[in-house]
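Step one of this worksheet: look at the structure below.
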Amino acid sequence: MTATLTYRDKIAVLDLGDDENRFSPDWLDTVDRLLDEAQQNAHALVTTATGKFYSNGLDLEWLTAHGDRAQWYVGRVQALFSRILTFPLPTVAAVVGHAFGAGAMLGIAHDYRVMRADRGYYCFPEVDIHIPFTPGMAALIQAKLTPQTAVTAMTTGHRYGGLEAEAAGLVDRTAGEGTVLDAAVELVTPLVGKDPGTLGVIKSTMFATVVESLAQGRA
Ligand SMILES: C/C=C/C(=O)SCCNC(=O)CCNC(=O)[C@H](O)C(C)(C)COP(=O)(O)OP(=O)(O)OC[C@H]1O[C@@H](n2cnc3c(N)ncnc32)[C@H](O)[C@@H]1OP(=O)(O)O
């Protein structure tokens with residue numbers, strides 16, 4: 001299953017898929033199209049997934065086979081981060097399972113995160129897999145975490161379980177198995193109804209330097 005979009009009343013629920021939900025070019029196209037739809041029709045956005053992965057991040061298999069398109073690919077991924085970071089609706093990531101690398105960055109780009117308490121890791125493994133953060137990725141993560149949490153999360157590859165992620169401020173809330181999406185919907189419901197134009201400008205202003213950094217190096 002690739003990404004799908006459903007609605008809970010006025011809240012768009014974007015399901016990233018039921019596999020590892022890696023960012024293949026086709027997956028990125030689908031997600032972009034569904035975000036267009038959500039932006040058009042909904043008053044808030046929740047992203048989630050089915051199964052034990054929120055997302056394992058970059059499609060390293062595709063990237064290895066298409067090394068000549070690496071700059072283009074990273075540009076597409078960073079455009080998605082920018083889009084979510086400044087999305088003109090309230091956004092919550094319902095992190096139902098593992099969020100690694102670019103999957104963890106996608107979660108961080110949302111306004112809020114709810115994570116499953118007892119299973120799954122929130123992790124930036126880049127230091128251990130020898131893929132340094134681009135300046136835009138580093139700026140994104142550092143814009144949302146405290147400086148000391150950013151140091152630990154970005155330089156140690158530590159795997160945070162839900163409760164530890166909540167204590168460190170990587171996520172805002174935790175919830176039990178099967179209730180993460182409900183908790184994310186509950187979190188975003190009171191935020192429904194803000195003017196999208198105003199909200200989009202506020203987020204674009206708040207994160208202008210991150211957006212600028214994420215735009216650098218795009219093919
Ligand atoms: C700039 C670059 C950006 C990029 O995006 S680069 C790409 C980044 N992505 C990656 O590197 C992918 C990394 N992903 C993986 O290595 C694996 O895909 C996972 C580790 C995420 C999942 O592997 P699995 O073997 O399917 O793991 P499990 O069965 O879900 O869990 C493994 C063990 O861990 C325990 N566990 C899970 N969550 C927790 C938790 N929160 N607290 C304590 N334990 C936990 C489980 O129970 C289990 O243990 P038990 O093997 O004994 O059953």
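Computed from a prediction, not measured in an experiment: that's the story for all the values here. Just so you know, residue 1 is the first one in the sequence shown, and it goes up from there.
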Check whether any side-chain heavy atom of Leu199 sits under 4.5 Å from a side-chain heavy atom of Pro90, and report yes or no.
-> yes

For the residue pair Lys203 and Thr86, what are the closest heavy atoms and their distance?
-> CB-CA, 3.8 Å

Nearest heavy-atom approach of Ala94 to Tyr54 is O-CD1, 3.7 Å

Do Val95 and Phe53 share a hydrophobic cluster, counting only Ile, Leu, Val, Met, Phe, Trp and Tyr and linking them when any side-chain heavy atoms are less than 4.5 Å apart?
-> no

Could you pull out all residues at least two apart from Thr64 that satisfy side chain to side chain contact (heavy atoms under 4.5 Å, CB included)?
-> none

Non-neighbouring partners of Thr146 that pass side chain to side chain contact (heavy atoms under 4.5 Å, CB included), sequence neighbours left out = Thr149

What are the two closest heavy atoms between Tyr160 and Met115, and how far apart are they?
-> O-CE, 3.8 Å

What pairs with Thr155 under side chain to side chain donor-acceptor pair (under 3.5 Å), at least two apart in sequence or on another chain?
-> none

Heavy atoms of other groups near Glu37 CD, more than 12 under 6.0 Å = yes

Is there a path of hydrophobic side-chain contacts, each under 4.5 Å between heavy atoms of I, L, V, M, F, W or Y residues, that connects Ile202 with Phe87?
-> yes

Output the distance between atom NE2 (His66) and atom CG (Asp59), rounded to the nearest 0.5 Å.
-> 9.5 Å

With hydrophobic residues grouped by side-chain heavy-atom distances under 4.5 Å, do Leu145 and Phe100 end up in a single group?
-> no

Heavy-atom pair with the smallest gap, counting every atom of Phe23 and Tyr73 = O-OH, 2.6 Å

Salt bridge (charged side-chain N to carboxylate O under 4.0 Å, His left out) contacts touching residues 12-28 (sequence neighbours left out) = Glu20-Arg22

Of the non-hydrogen atoms in Ala183 and Ala175, which two are nearest, and what is the gap between them?
-> CB-CB, 3.9 Å

His98 side chain to Tyr121 backbone, donor-acceptor under 3.5 Å | yes

Tell me, which pairs form a salt bridge (charged side-chain N to carboxylate O under 4.0 Å, His left out) where one or both residues lie in residues 80-102, sequence neighbours left out?
-> Asp32-Arg83, Asp36-Arg83

Hey, could you give me each pair passing salt bridge (charged side-chain N to carboxylate O under 4.0 Å, His left out) that has a residue in residues 5-14? Not counting sequence neighbours.
-> Arg8-Asp182

Which of parallel (below 30°), tilted (30 to 60°) and perpendicular (above 60°) describes Trp62 and Trp72?
-> tilted

Sequence-distant partners of Leu14, side chain to side chain contact (heavy atoms under 4.5 Å, CB included), two or more places apart | Ala3, Leu5, Leu16, Val31, Leu34, Leu35, Leu45, Thr47

Quick one: are His158 and Glu164 in side-chain contact, heavy atoms under 4.5 Å?
-> yes

Any side-chain heavy-atom pair from Thr156 and Val127 closer than 4.5 angstrom?
-> no

Under-4.0 Å salt bridge between Arg173 and Glu166 | no

Thr134 meets the side chain to side chain donor-acceptor pair (under 3.5 Å) criterion, sequence neighbours left out, with Gln78

With distance as the sole test, does Arg113 use its side chain to make a donor-acceptor pair with the main-chain N or O of Ile108 at under 3.5 Å?
-> yes

Can you get from Ile129 to Phe124 by hopping between Ile, Leu, Val, Met, Phe, Trp and Tyr side chains that sit under 4.5 Å apart?
-> yes

Val210 vs Phe81 side-chain heavy atoms within contact, under 4.5 Å = no

If Ile, Leu, Val, Met, Phe, Trp and Tyr residues are connected whenever their side-chain heavy atoms lie under 4.5 Å apart, and connections chain through other members, are Ile84 and Leu89 in the same group?
-> yes

Separation of Lys52 NZ from Arg119 CZ (nearest 0.5 Å) | 6.5 Å

Applying side chain to side chain contact (heavy atoms under 4.5 Å, CB included), name anything that partners Ala70, two or more places apart in sequence or on another chain.
-> Leu63

Under the side chain to side chain donor-acceptor pair (under 3.5 Å) test, residues paired with Asp128 that sit two or more places apart = none

Heavy-atom distance under 4.5 Å between the side chains of Leu85 and Met206, does that happen here?
-> no

Rest of the hydrophobic cluster containing Val114 (Ile/Leu/Val/Met/Phe/Trp/Tyr, side-chain heavy atoms under 4.5 Å)?
-> Ile11, Val13, Val46, Val92, Val96, Tyr112, Val180, Leu181, Val185, Leu187, Val188, Leu191, Val192

Between Gly57 and Ser55 the two heavy atoms that sit nearest each other are N-OG, 3.0 Å

Output, in order, the C-alpha distance, side-chain angles, deciding distance and verdict of side-chain contact (heavy atoms from CB on, under 4.5 Å) for Val77 and Leu28.
-> CA-CA 8 Å; Val77 170; Leu28 285 164; 4.1 Å; yes

Tell me, please, which residues at least two apart from Glu212 pass side chain to side chain donor-acceptor pair (under 3.5 Å).
-> none

